[in-house]
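Reckoned from all heavy atoms, side chains included, excluding hydrogens, waters and symmetry mates. To find a chain, count down the sequence lines: A is the first, B the second, and so on, and within it residues start at 1.
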Amino acid sequence: MTSVSVKDLRLSFGQVTVLDQLNLDIQEGEFLVLLGSSGCGKSTLLNCIAGLLDITDGQIFINGRNVTWDEPKDRGIGMVFQSYALYPQMTVEKNLSFGLKVAKMPKGEIDKRVARAAEILQIGPLLKRKPSELSGGQRQRVAIGRALVRDVDVFLFDEPLSNLDAKLRSELRVEIKRLHQSLKNTMIYVTHDQIEALTLADRIAIMKGGVIQQLADPNTIYNAPRNMFVAGFIGSPSMNFLKGEIALGAGGRPVFVTEGVSFSLDGYNAGEVLAPGRKVVLGVRPEHVKVDEPAGASGEVHKAVVDIEEPMGADNLLWLKHAGHTMAVRTAGSRRFSPGTTVRLSFDMTLASLFDAETEERI
Amino acid sequence: MTSVSVKDLRLSFGQVTVLDQLNLDIQEGEFLVLLGSSGCGKSTLLNCIAGLLDITDGQIFINGRNVTWDEPKDRGIGMVFQSYALYPQMTVEKNLSFGLKVAKMPKGEIDKRVARAAEILQIGPLLKRKPSELSGGQRQRVAIGRALVRDVDVFLFDEPLSNLDAKLRSELRVEIKRLHQSLKNTMIYVTHDQIEALTLADRIAIMKGGVIQQLADPNTIYNAPRNMFVAGFIGSPSMNFLKGEIALGAGGRPVFVTEGVSFSLDGYNAGEVLAPGRKVVLGVRPEHVKVDEPAGASGEVHKAVVDIEEPMGADNLLWLKHAGHTMAVRTAGSRRFSPGTTVRLSFDMTLASLFDAETEERI
Amino acid sequence: MKKTAHLAEVPASWEAGPRGARPRRLLSTRTIVVYGTLFVAAAYYLLPLYVMIVTSLKGMPEIRLGNIFAPPLEITFEPWVKAWSSACTGLNCDGLSRGFWNSVMITVPSTIISIAIASINGYALSNWRFKGADIFFTILIVGAFIPYQVMLYPIVIVLREIGLYGSLSGLVIVHTIFGMPILTLLFRNYFAGLPEELFKAARVDGAGFWGIYFKIMVPMSLPIFVVAMILQVTGIWNDFLFGVVFTRPEYYPMTVQLNNIVNSVQGVKEYNVNMAATILTGAVPLLVYFVSGRLFVRGIAAGAVKG
Amino acid sequence: GHATDLEVTHWWTSGGEAAAVAELAKAFDATGNKWVDGAIAGAGGTARPIMVSRITGGDPMGATQFNHGRQAEELVQEGLMRDLTDVAERGKWKEIIRPASLLDSCTIDGKIYCAPVNIHSWQWLWLSNAAFEKAGVPVPKNWDELVAAAPALEKAGIVPLAVGGQPWQASNAFDVLMLSLAGKDTFLKVFGDKDTEAAAGPDMAKVFKAADDARRMSKGTNVQDWNQATNMVITGKAGGQIMGDWAQGEFQLAGLKAGEDYSCLPGLGVNEVIATGGDAFYFPLLEDEEKSRAQDALAETLVDPKVQVAFNLKKGSVPVRGDVDLAAANDCMKKGLDILAKGNVVQWTDQLLSADSQKQKEDLFSEFFANPSMTPEDAQKRFVQIIATAE
Amino acid sequence: MSSNARAGRPSRLTRNLSAKIASVPMMLTAVVIFLGGTLWTVIYSFTSSKLLPRLKFVGLDQYERLWSAPRWLVSIENLAIYGIFSLIFSMVIGFVLAALMDQKIRFENTFRTIFLYPFALSFIVTGLVWQWLLNPEHGIQSVVRAMGWAGFEFDPLYNSSIVIYGILIAALWQGTGLVMCLMLAGLRGIDEDIWKASRVDGIPMWKTYLFVVIPMMRPVFVTTLVIIASGIVRVYDLVVAQTSGGPGIASEVPAKYVYDYMFQAQNLGQGFAASTMMLITVAIIIVPWAYLEFGGGRKRV
Ligand SMILES: Nc1ncnc2c1ncn2[C@@H]1O[C@H](COP(=O)(O)OP(=O)(O)OP(=O)(O)O)[C@@H](O)[C@H]1O
Ligand SMILES: Nc1ncnc2c1ncn2[C@@H]1O[C@H](COP(=O)(O)OP(=O)(O)OP(=O)(O)O)[C@@H](O)[C@H]1O
Ligand SMILES: [Mg+2]
Ligand SMILES: [Mg+2]
């Protein structure tokens, strides 16, 4: 059953239309991540679902109920914010119970819920403290707790981790994942951190300029991006894009040619015919290029020169000059290459992507 | 020749001593990164070198000259700030030239320098714009330009990239690296982002509580951290720490034992004798554990259960239960494991670290 | 090898060179300029207060003879006593004392009510914007520029029509009206500076307009309330025009007595009594300043400075 | 009945004035009611707006002072003031109040709306005998002698003529000069008939010439309030002052004796006419029966012969009725009474001109007296304009 | 599921109802008092109302008279002089003091209190004190003369040509403390890194203030401007307390003209005409600004 459903949503601030004709269905228990760069409308969409923004047109359903004009509190949602948004003058306990008290819930029930949330999030010892006496991670945990006690079906997260440092971020990421696995609520999670998106999501909606570019599971998004935007947005460093065209290679099989260098396309699973002469862009992820290793299926070997080496501990990132392009390639952290040396590359076309140069859509 | 040299530096704010007895020598042309968590005194040290803070005791030399009492502008340094600190109402051009004009440099020379900086940083087309009309990355480039035109020997960077989003950050990182390769100036770079530190630095100084914990090249820092703080600080996700003790294993060779599970230490290059019974901590990086692959040199095989899987595109991070610990292990992004399955692990002790449980120093 | 070369070239100057904190001459030019200017300015600001105090402690003969800056030869508190309890206006010879409680009775409710209303306005304007709200606000801000005297007549008419003319409530309303523009501006800016997410979180929690105001906003806004309180206490306490036009003699505030004492000249002006009366009248707002001045600057920084 | 509180507003706050008001209050309290004093300091200009606001705002006081004349005209027309005709008839005010013009000023459409309390004459020159002694010149007998004595006074460091900074002082000094030097006819033609030709005429030019002298002589006064200026005369810092009869209260309070310590010249010693301006009390219409009765009682008290005497002696003004015994009156007041008895009276500008025209005149003369670069001719031209638009 | 459609849309009026209700006092004040009062004033400025407002229209008579009244012209001129100087000086003095206070000085609290305390005093008190200090016989002039400079002249309140500056001195004394506070708050909001950058660039402090910091403080200057300017237009009490407009009419100001003609001269029409002129002046300056600053165009601050 769909848990949250957005129909033909339009939202304008005065003259500026931020979201237009947006449709989105989220299944019950699903963890949906909204991913996109700053200003693309992620928070706006989330706020519309929460009822914090009055939509201009369209409808919103939560659990099959039309909540388009309901107050936020009546929608059965809980929300967690980037800046925690804890009430600074209240203790953690009061922060958690505030909403319930407002709703005139009996004291016993409130205590029970607070205790449960505190247990799940392991913030029991903090209950008497004020937010200013908590660390960033603890604050965010309390903020999640505030959504938790409301016992709602849908959790909304607006970049909950981006105020935390890298270490805490990865810790809390795991915790949220665990929370979802145990609660099985529907969760909608806004972020612009692709690692979060890839690790947490059941499905990812990638947004750009208020439009959902692709809505799919992380694997599909990563390996079969629908267009160049999605392809370039996901993955760090970005997918390498080589501009060129289709030609006929040995045995009449289509090959990709750029700057006089040709790449066999054997193994690439194209959705359309690869007509020779068509202008296309070949996308290859840095980790899908092998350096100085036995050649792949096609047996093709490319030579490239190391430009810059970026050792990052676990990995070693190489920036290579090849076929007139600068190309990023990821190797194991233990391998070292000095700038200027020539290396042999081999490409795995089963994992590459081809895009139409004009429409930028995947072929 | 040493380019920057800090001798017995002490710095107190009133009662609080932030830096004490700090010594640091930086070679000419070296790229030194100061890395540490928030509040450890990185910016303070940088400001002392720049002359923006009056030191309490000690001396500072730049290019062999004692500059302890010199004004910032006379020290031959240029500085780039996290918040860019551009003069908001001046055009980019004025931002670059303002300092030179004040120094009464002839107009021709100013123009030459601005033109050169603009060319190096590719901000030529932006010269007539105001900072508010620039993107974050462009602003930071202008801020670097402002240091560049001063034609100084030493560049100081205070977290120059932390206000930028991930994508821009990695782009500018490469640019700064290139800049250093072409200018060959001494650069001191403060950050709390380990990727920046690892990729940029010739040497990294890891700080904690005002004390430099380790000063070494990135490779050493990553693979032979001097203590548990350094080991845990560098690497994402963190090194796995297993608490246990040394025992005598088969053939009288020392082994590491935790919760009844023993790990061969063959291949580990200890600096001290590994006396049996000594309480130690074994540190293993997530990418140095092999999953379901042919066993390593020792032939030892460990069994573990998958707890959570975090697919991150290029990699797939597994959280495993093993020997009573939760352990992070990194595998290729293309491999998938469902929670609950049992996997076989093998460890490469040549890349592991052993620490004294008490002193937390590397053995 | 490089290292030895470097060691060989430096040591000569090594220990000898500058070390430690930059030496600070106690009286650098900069210090002299900064403190010099500050002290001169302080003298300009303090001079009138000094003259007021000194004069209020002198007897009339001494004032007539001496120079105003000379300290009193013979300190007398008589002017203070007279100003407080026996200076005459018309037939009433009980000095400022009769106005004091009136001023308190006017200032306390006026301050509270005007701040309450303005803070709610500011809150509604920054968090619950509705169509047209900005128009009202713009009118209000323009209203801040209208001389009080101009509005006197219309307000007399309005108060007469609602039957509150001459009552204390009428005066409270007048103070509320004239405090509204600047206070609303202050509160609006302050509330706009608070994180919006906090407001959203409270809405999701189900708190309504008033719930959020009382439980979330007010407890977070001490500095701006202090600023508003200071501005209003000063303004209302010092007000003369409204106090006299919109009330009757039994409610006349202290400033009316002050005006009467100062302007009822009996032969020569009794400068000492005038000065004592002046200081006494200003004492309450001055006290408020001295007590909460630090919060004032903080609140100003939080509420006034963001355009 | 039992005591009723009646709030009375007025602007009598100087020493002599306050003492005089105390007499009124005492007499009123004696009727079994209670005088609640609502003094507002700072002269009529400050007080009147407050009074008018209170009355129009619907929260009127029990009684209020106005200069009788045209100040309260519209309030009466608007029906906000109490009709005192009954009280007046009972008290036979028509018969006792002298000169009759006083009551005329209180009468609108045949009904009486105010109780006059005193007659103020403006046309006095007060001189400090000590000052002239110090300067070594005889005390002047008229305006021209004062002008002649001015250089000697100045040499002795004495301001020949004190003119306070409040605009009405300059304006009224001019009016006095005009009545005294140009005569009653011209005065009435200009202010009564608004005759611009007369205003522009040579007689008036003479007056402006005299005003120019007055301006020169007043240089260095540097005080605001009229009684501070009077005080300069009392202390011998100034030679003289043109001021109404109330100045006398200040001399008295300072313990000075008329004839010995100071001299007074009605009509500037030139033209012994006095004008019958004065103060009166008006009674706003109240709903409360008891208060209305108290108002009647106050009105009666105000014209009571004993009260008249007590009040006017302290105030230094002349009673509104001819049938009282003023044996206690001093030299100067007797001079005034003589003139009054001779019938040398004229209406004053309060009655002849609207407040608006008065204000414009004040603006003109306060500027003239403060600004030496304004020629008498220019001033006269502007004066003519004011008269041309006056009502 | 989609059939229960858009029916639930609540009416525009009842949305945000509490906020609207809570804003009623503000709306009433804005509409009835400020707007209504202004309209009322403008309408009656075309009548010949005397003591009481009456709808006897006389066209532009009141305006003609107003603009031919020397006192009004003097008032306008005074307001212009006073306004310009008071703006310049309070900004400059306030800023300089704030800049000095921002130098990490000792006794900051004491200095701040000293500069700010006059703001706690009313204009009546301020006027009185300065009248006394500037009085040639008792005040500064006499003291300086007593010290030997017999020819020393400093009697602004009794000298028509400079009296407005005498008022200015008192006004600055009373008001610069607040400006200093505003400026100080603004300075404290400047990014610390800007200072560091300019030191590294070797830019002298005064140049940094002039070319970098002041331009960055635009919002503070705007707020300050509003506060000072609204005070300037309304200046009244101070003049009354210090000089009553004298000597002669040399220190008259428009607000006093309005008050005097409305109440003393009992010529409401004239007073209203003068008010209207003041309102128009204010409106010309303020309305476009207020609209830009607070009106629809801009987003949340
Ligand atoms: N109150 C508002 N009025 C006008 N425009 C707005 C408003 N709020 C947001 N916008 C605009 O709507 C667009 C989408 O904003 P939104 O906050 O949803 O972006 P986002 O994807 O959440 O970005 P971020 O990652 O920075 O949070 C932006 O272009 C923004 O400028
Ligand atoms: N002006 C100051 N007065 C007192 N303490 C200060 C001051 N500036 C910094 N400190 C303290 O000195 C310590 C070091 O601060 P510093 O700014 O150098 O940290 P940092 O390593 O740069 O941290 P971050 O990564 O957050 O920038 C902190 O504990 C801080 O609280
Ligand atoms: Mg957002
Ligand atoms: Mg820092």
Which one, [options], leads in non-hydrogen pairs under 4.5 Å with chain E?
options                                : value
C/Tyr213, C/Phe130, C/Phe240           : C/Phe130
C/Gly282, C/Ala118, C/Gly143, C/Pro181 : C/Gly143
C/Phe296, C/Trp237, C/Tyr44            : C/Tyr44
C/Thr278, C/Thr234, C/Ile139, C/Asn121 : C/Asn121
C/Trp210, C/Tyr35, C/Tyr123            : C/Tyr35
C/Phe290, C/Phe39, C/Tyr153, C/Trp128  : C/Tyr153

Counting only non-hydrogen atoms closer than 4.5 Å, does [X] touch chain E with its backbone (N, CA, C, O), its side chain (CB onward), both, or neither?
X        : answer
C/Ile173 : neither
C/Ile135 : neither
C/Ile230 : neither
C/Ile120 : side chain
C/Ile157 : side chain
C/Ile155 : side chain
C/Thr176 : neither
C/Val34  : both
C/Ile117 : side chain

Residue part contacting chain C, namely of [X], when any heavy atom lies under 4.5 Å:
X        : value
E/Leu121 : both
E/Leu28  : neither
E/Leu52  : both
E/Thr38  : both
E/Trp40  : side chain
E/Leu268 : side chain
E/Gln131 : side chain
E/Leu100 : both
E/Phe119 : both
E/Val31  : side chain
E/Val282 : side chain
E/Val258 : side chain

Return the minimal non-hydrogen interatomic distance between [X] and [Y], and the atom names on each side.
X        : Y        : result
C/Ala124 : E/Ser23  : CB-OG, 3.5 Å
E/Ala274 : E/Tyr257 : CB-CD2, 3.6 Å
C/Ser126 : C/Arg188 : CB-O, 3.7 Å
E/Met101 : E/Glu108 : CE-O, 3.5 Å
C/Met151 : E/Gly37  : CE-CA, 3.7 Å
C/Leu280 : C/Met254 : O-CE, 3.7 Å

Just so I understand: if I count every heavy-atom pair under 4.5 Å between each of [options] and chain C, which residue has the most?
options                                : result
E/Ala229, E/Ala255, E/Pro118, E/Gly189 : E/Ala229
E/Ile232, E/Ile169, E/Asn135           : E/Ile169
E/Val233, E/Leu35, E/Leu116            : E/Leu116
E/Tyr259, E/Phe107, E/Phe111           : E/Phe111
E/Thr113, E/Val143, E/Leu128           : E/Val143
E/Met217, E/Met278, E/Arg112, E/Met262 : E/Arg112

Under 3.5 Å, side chain of [X] to main-chain N/O of [Y], donor-acceptor pair present?
X        : Y        : value
C/Asn238 : E/Phe123 : no
C/Lys58  : C/Tyr271 : no
C/Asp239 : C/Gly243 : yes
E/Ser142 : E/Gly139 : yes
E/Ser45  : E/Thr276 : no
E/Ser122 : E/Val125 : yes

Please report whether the ring centroid of C/Tyr50 lies less than 6.0 Å from that of C/Phe69.
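No - the distance between ring centres of C/Phe69 and C/Tyr50 does not fall below the 6.0 Å cut-off.
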
Roughly how far, to the nearest 0.5 Å, is the [atom2] atom of [Y] from the [atom1] atom of [X]?
X        : Y        : atom1 : atom2 : result
C/Leu47  : E/Leu133 : CG    : CG    : 5.5 Å
C/Ile236 : C/Ser103 : CD1   : OG    : 10.5 Å
C/Leu183 : C/Ile224 : CG    : CD1   : 9.0 Å

Give the C-alpha distance, both sets of side-chain angles, the deciding distance and a yes or no for ring pair (Phe, Tyr, Trp, His ring centres under 6.0 Å) between E/Tyr261 and E/Phe272.
CA-CA 9 Å; E/Tyr261 273 89; E/Phe272 291 152; over 10 Å; no

Is the closest side-chain donor-acceptor distance between E/Thr176 and C/Tyr45 under 3.5 Å?
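There is such a pair (donor and acceptor under 3.5 Å, judged by atom type) between the side chains of E/Thr176 and C/Tyr45.
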
Assess whether side chain to side chain contact (heavy atoms under 4.5 Å, CB included) is satisfied between E/Ile124 and C/Thr255, documenting all intermediate values.
CA-CA 9 Å; E/Ile124 306 229; C/Thr255 38; over 6 Å; no

